[in-house]
Amino acid sequence: MATPHLSDAELATQPAAYWTGVAYEALIAFTRARHAEFGFTQPQFWLLRNLSGNDISPDGHGMTIPELEMAMSTYLRSEDDLEAEAGVLLTRGWLTRDDQERLWITEAGEAARVDLRQHAPAIRARIHHGIDDADYVTTLKVLRQMTRNTDGPAV
């Protein structure tokens, strides 16, 4: 069903919290569906990124599942099961686990991370289609200010 066109005055009365929630769910669902088309999950990609010394990991050292959950706490969803996701990557040979339960990215995992990362620009382009960069920046500035106005986390 098509959404009716709203005037600027009507849009100004719309609740931001509702629309940010709708946008969040739609963007996550879209991104995760694209990842699935390429044969991996978003949490699997995050595991590789957080364990790679060439990406998010500051030192490339192995981490336990609880350490990874802590590192990803701001973007993990309640349904994300890092132990199960790591199990898939262990089976693929993209991760190994040592006797201290730390996960380590393998050479094959690093190659997969680089390959998987190549899909990000196309996903971003689809999400940003028809949106001018200046409008996108303005939107983020507005959301950041709303967060500050409501005593949210410093951004």
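Geometrically, R34 engages F30 in a cation-pi contact defined by less than 6.0 Å to the ring centre and at most 45° from the axis.
Within 6.0 Å of CG in D59 there are more than 12 heavy atoms belonging to other residues, nucleotides or ligands. The environment of E107 atom CD is sparse: at most 12 non-hydrogen atoms of other residues, nucleotides or ligands sit within 6.0 angstrom.
Separation of atoms CG (D133) and OG1 (T138) is listed at 10.5 Å; rounding is to 0.5 Å. With rounding to the nearest 0.5 angstrom, the CG atom of L76 is 9.5 Å from the CD atom of Q42. In this structure, CD in Q14 is found 6.0 Å from CH2 in W19, a value given to the nearest 0.5 Å.
T106 contributes a side-chain N or O that, together with a main-chain N or O of G93, makes up a donor-acceptor pair within less than 3.5 Å. When atom types are taken as modelled, the side chain of D135 and the backbone of I131 share no donor-acceptor pair closer than 3.5 angstrom. Put simply, the side chain of T64 never gets that close to the backbone of R102: no donor and acceptor are under 3.5 Å apart.
Considering only heavy atoms from C-beta on, F40 stays 4.5 Å or farther from L48 through its side chain. Using a 4.5 Å heavy-atom cutoff, the side chains of R49 and L116 are not in contact. Residues D115 and F38 form no side-chain contact, since every pair of their non-hydrogen atoms from C-beta on lies 4.5 Å or further apart. Side-chain contact between M72 and L82 is present, with at least one heavy-atom pair separated by less than 4.5 Å. Looking at D55 and R117, their side chains come closer than 4.5 Å, going by heavy atoms from C-beta outward. Between T13 and L6, the closest side-chain pair of non-hydrogen atoms is not below 4.5 Å. Side-chain contact check for L51 versus M63: some heavy-atom pair is nearer than 4.5 Å.
When only modelled atom types and interatomic distance are considered, S52 and E110 share a side-chain donor-acceptor pair under 3.5 Å. At a cut-off of 3.5 Å, with distance as the only test, a side-chain donor of T41 or E85 sits close to an acceptor on the other residue.
A side chain to side chain contact (heavy atoms under 4.5 Å, CB included) with Y24 is found for one member of I28, L27, T20, V22 and no other, namely I28.
When the side-chain contact (heavy atoms from CB on, under 4.5 Å) test is applied to V137, the partners found at least two apart in sequence or on another chain are K141. The ring-ring contact (aromatic ring centres under 6.0 Å, His included) check on H61 picks up nothing, with sequence neighbours excluded.
At a threshold of 4.5 Å between side-chain heavy atoms, the hydrophobic network of Ile, Leu, Val, Met, Phe, Trp and Tyr places L95 and V88 in two separate groups. Both I56 and L89 are assigned to one and the same hydrophobic cluster, defined by single-linkage of ILVMFWY side chains at heavy-atom distances under 4.5 Å. Note on M70: it does not cluster hydrophobically with I105, by side-chain heavy-atom contacts below 4.5 Å among ILVMFWY residues. Cluster membership check: L90 shares its hydrophobic cluster with W94, using side-chain heavy-atom separations under 4.5 Å among Ile, Leu, Val, Met, Phe, Trp and Tyr.
Heavy-atom minimum distance, R32 versus R77: NH2-CD, 3.6 Å. The two residues A86 and L103 come nearest to each other via the heavy atoms CB-CD1, 3.7 Å. The nearest pair of heavy atoms linking I127 to T31 is CD1-OG1, 3.8 Å. Summarising the geometry of N50 relative to S57, their closest heavy-atom pair is O-CB, 3.2 Å, with the distance given to 0.1 Å. Of all non-hydrogen atoms in H35 and F45, the two that sit nearest each other are CE1-CD2, 4.4 Å. The two residues R113 and N54 have their closest heavy-atom pair at NH2-CB, 3.6 Å.
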